[in-house]
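FYI, side chains are in, hydrogens and waters are out, and symmetry mates aren't considered; it's all heavy atoms of this structure. Just so it is clear, the structure is predicted and the values come from calculations on it, not from any experiment.
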Amino acid sequence: MPATIRRQVGAGKCPQALNTVGGYGIWEPQVSPHDAAGAPHPGAAGRRVPPAGFAAILARVSTPLDLVAIGRVSVDLYGQQLGSRLEDIATFAKGVGGCPANVAIGAARLGLKAALITRVGDEPMGRFVREQLEREGVDTRGVQVDRERLTPLVLLSVRDRETFPLIFYRENCADSALSGADIDPELIASARALLVTGTHFSMAAGSQAQRKAIDVARSHAARVVLDVDYRPNLWGIGGHGAGASRYARSPRVTEALSAVLADCDLIVGTEEELQVAAGVEDTLAAVRHIRDRSPAVIVCKRGAHGCVVFEGRTPKRIEDALVVPGMDIEICNVLGAGDAFLAGYLLGYLRDEPHEKSARYGNACGALAVSRLLCSSEFPSRAELEHFLYSGGEPRALRADRQLSHLHWVTTQRRGPGSVWALAIAAPAQTGAAPPIDEETPPGAERRSRLELLAVEATAQVAAGRPGCGVLLEGTAGPAALRRGQDASLWLARQVARPLSRPLEFADAASLAVHLTEWPTGVTAACRCQYHPQDPRELREVQERNLLRLAAACRAQGRELLLEISSGGAGALQADTDARALSRLYELGIRPDWWALEPQLRDRSWESCARVIGASDPYCRGILVALRVPLGQQAPLVATAAASPVVRGFIAGGSIIDEVAPAWLSGQKSAESVAAEIAERFRTVVEAWSANRDPRLDRPDGEGR
């Protein structure tokens, strides 16, 4: 994380001075069961108040988790054609959804330690949910695998800011079977707060599970948060086609929710949700009704108008409560914004910050969420939130804010390795006469394809499970090589450029975006461009337009970009040639995840590149040195590169495969001997790097991003 953002996050821009233990305030929650005069607070009667005293407070602040959320989870499939009926959607974007899952992910992105208790199916969608939660940093000890039921799905399209056809596929789904047996008391006891949601009170087993969790939380002085999370459709009201409905009167819902109000410290809902919880169709009257039953802080979400916080006695007018205005933001999709709001509110609430500041966090997180299509996968990180709140401006069209978009990408994407050691596997040309075709010997084209697979196998031998070891494949690479690389957990990249094209051309120039869409998500797009800052203007502009196209396509698809700049042979080389090339591309707004550069013979050349990257994109993963010279000439180049902190690894090619290829293509060597020779050559470069690299230069995965 850059120092400027790190300082903002650490200080929190909060003028309040706190006495703290372990980083948290040590006072009791701001809503007490007694008022200032010592009289019982309205709604306190019958409520189980946790043990008072310093020991209980200390137990709370020393717990390893901030939040445990309970309830539904789903795989959300959001139509990518905005303005279309759901019937007409052609492609969908996938993400994790469901109120408690969304809040847990949103909280984790903001730096809170969150866990989720739910159930998923024993199938690919269930595994996707678990893997995504783990990538987000959410504790999954409470996520049970149900071998009899499927993970629920949600299909949605966005017609306009008010219309979003929505279908819940939840018939006998995995999380609907959540029961008291799924509640681990130790997990609940380890958290400072418990989040329960209204939907699971609609099911007998789910209600029992949440009731058990509340009892455990209360016995350990944890706060209980209720998100009313009212979807009539999920209570069996309105039928399958009413998924977008947000309100319908229901005495059954009111009765179920009323039973939990007294045990809550924080109750959050929209105006309609608070009304259904109270059974009263007037917002202020609903708040009074809830206050008569609970001393909880009540937060009313009002969408673009912000929120209202009710603490203590209910005022005569809404305007006399704490009204925190919203932000004027261009809306893409409102679904999930309330979950983002709650994650933001909890950031302040669980650190005992003033409710006004908590509400400001919540409003900002909600604003960022409504500006984007998906739910949890597009919730903001802490760096985004800080930038949005404190950068000095509030652009209305957040989707067009390049700095916010970049911050979102670099702070929420899948975390790859901190360093990369890759073997570039170019498709060798036909060399020599192909051997006769028989059962043992494939024909020439197939034999060249087999060599590619052997090189991947050789890399896997050298990697031996070590993160960051990988391959850079040509654009023509076959599916077998990609599949073997995935199975071996290799770092994978694939070329998009036509070899040696100048000006730059793509392998599938007709539709770059469609071409990339067909690749596995985890494959990095690699582009080698012969680019010199002193190229003729017409040539440079053509190259830059294509690089901008590539960068935009990669960001739109959530794919990492490795941009290799090859200045040698394209013009006179100076000590700062590559640094000037990088500076020019950064000026255009091109910010790849990785740079690949030719070897620099002087330390100051690497230093000049490092200065440009540090000033333009401190989140950049770094530089990989492209070793395309014979193996015997690589040692001094590796030594110079390994001494630079900004160089994070290498891409080795050239003679490692080229000198082995003819013997294989002519049938003079077996597959085993060829794979062993490639592995030995690649291992030589890896060992040379390791021998010259100070391990202190390699930061842990994700640090500084």
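- In this structure, Arg494 contributes its side chain and Ala526 its backbone to no donor-acceptor pair below 3.5 Å.
- In this structure, CD on Glu672 lies 8.5 Å from CG on Leu454, to the nearest 0.5 angstrom.
- For the pair Pro499/Glu474, a side-chain contact is recorded, criterion being any heavy-atom separation below 4.5 Å from C-beta on.
- Taking 4.5 Å as the limit, some side-chain heavy atom of Phe506 sits within range of a side-chain heavy atom of Arg549.
- In this structure, the side chains of Ser74 and Leu153 stay at 4.5 Å or more apart for every pair of heavy atoms.
- Judged by distance alone, the side chain of Arg109 and the main-chain N or O of Arg382 form no donor-acceptor pair under 3.5 Å.
- Taking the side chain as every heavy atom from C-beta outward, Cys609 and Leu597 approach each other to under 4.5 Å.
- In terms of heavy-atom proximity, Gly95 sits nearest to Phe128 at C-CE2, 4.0 Å.
- Inspection of the Thr517 and Gln557 side chains reveals an N or O donor paired with an N or O acceptor under 3.5 Å.
- Using modelled atom types, one side-chain atom of Asp146 and one backbone atom of Arg149 make a donor-acceptor pair closer than 3.5 Å.
- Cation-pi contact between Arg648 and Trp594: absent, since separation from the ring centre below 6.0 Å together with deviation from the ring axis within 45° is not met.
- Looking at every heavy atom in both residues, Ser567 comes nearest to Asp578 through OG-OD1, 2.8 Å.
- A salt bridge links Arg372 to Glu384: one of the charged nitrogens lies within less than 4.0 Å of a carboxylate oxygen.
- A donor atom on one side chain and an acceptor atom on the other are not found under 3.5 Å apart for Ser608 and Ser605.
- Note that the CD atom of Gln80 and the CG atom of Leu374 stand 8.0 Å from one another [nearest 0.5 Å].
- Looking only at side-chain heavy atoms (C-beta outward), Pro592 and Ile590 come within less than 4.5 Å of each other.
- At distances below 3.5 Å, not a single donor-acceptor pair connects side-chain atoms of Asp617 with backbone N or O atoms of Ile613.
- In this structure, the side chains of Ile89 and Leu155 stay at 4.5 Å or more apart for every pair of heavy atoms.
- Note that CZ of Arg591 is 13.5 Å distant from CG of Leu582, once rounded to the nearest 0.5 Å.
- Between Arg141 and Asp184 there is no salt bridge, since none of the side-chain N atoms of the basic residue sits less than 4.0 Å from a carboxylate O of the acidic one.
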Item to complete: I would like to know whether Arg483 and Gln486 meet side chain to side chain donor-acceptor pair (under 3.5 Å); could you show each step before the answer?
Response: CA-CA 5 Å; Arg483 186 169 59 250; Gln486 288 177 312; over 6 Å; no
Worksheet item: Given the rule in the salt bridge (Lys or Arg N to Asp or Glu O under 4.0 Å) test, do Asp535 and Arg502 qualify, once you have shown the distances and angles that lead to the verdict?
Response: CA-CA 11 Å; Asp535 281 338; Arg502 181 169 160 86; 2.8 Å; yes
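- A side chain to side chain contact (heavy atoms under 4.5 Å, CB included) with Gln634 holds for exactly one of Leu627, Val625, Thr684; it is Leu627.
- Distance alone, capped at 3.5 Å, places no donor-acceptor pair between the Thr140 side chain and the Glu134 backbone.
- With hydrogens and angles left out, the side-chain atoms of Thr118 and Gln144 include no donor and acceptor closer than 3.5 Å.
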Item to complete: Determine, step by step, whether Thr151 and Glu123 satisfy the side chain to side chain donor-acceptor pair (under 3.5 Å) criterion, reporting the C-alpha distance in whole Å, the side-chain angles of both residues, the deciding distance to 0.1 Å, and the verdict.
Response: CA-CA 8 Å; Thr151 306; Glu123 25 77 4; 2.7 Å; yes
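- No side-chain donor-acceptor contact under 3.5 Å links His406 and Arg555.
- Side-chain atoms of Glu457 and Gln461 form no donor-acceptor pair, as typed in the model, at a separation below 3.5 Å.
- Gln495 CD to Leu562 CG: the interatomic distance, rounded to the nearest 0.5 Å, is 7.5 Å.
- In this structure, Phe650 and Trp421 have parallel ring planes: the angle between them is below the 30° cut-off, well short of the 60° mark.
- With Gln81 contributing its side chain and Thr91 its backbone, the two residues share a donor-acceptor pair below 3.5 Å.
- Ser644 and Glu607 are not linked by any side-chain donor-acceptor pair at a separation below 3.5 angstrom, with hydrogens and angles left out of the test.
- The two residues Leu547 and Cys527 make their nearest non-hydrogen contact at CD2-SG, 4.2 Å.
- Once rounded to the nearest 0.5 Å, the distance linking CD of Glu687 with CZ of Phe682 reads 11.0 Å.
- Without hydrogens or angle criteria, Ser566 side chain to Gln530 main chain gives no donor-acceptor distance under 3.5 Å.
- No side-chain donor-acceptor contact under 3.5 Å links Asn692 to the backbone of Trp689.
- Pairing each heavy atom of Ala460 with each of Arg484, the nearest pair is CB-NH2, 4.0 Å.
- Counting all heavy atoms, side chain and backbone alike, Leu516 lies closest to Cys554 at CD1-SG, 4.2 Å.
- Looking at Ser501, its side chain does come within 3.5 Å of a backbone N or O of Arg498 through a donor-acceptor pair.
- Remark: Lys94 fails to qualify as a cation-pi partner of Tyr78 under the 6.0 Å distance and 45° angle criteria applied to the six-membered ring.
- Taking CG from Leu563 and OG1 from Thr524, the interatomic distance works out to 12.5 Å, rounded to the nearest 0.5 Å.
- A donor-acceptor contact shorter than 3.5 Å is absent between the side chain of Gln543 and the backbone of Arg540.
- Listed here is the closest heavy atom pair of Glu560 and Asp593: CA-OD2, 3.2 Å.
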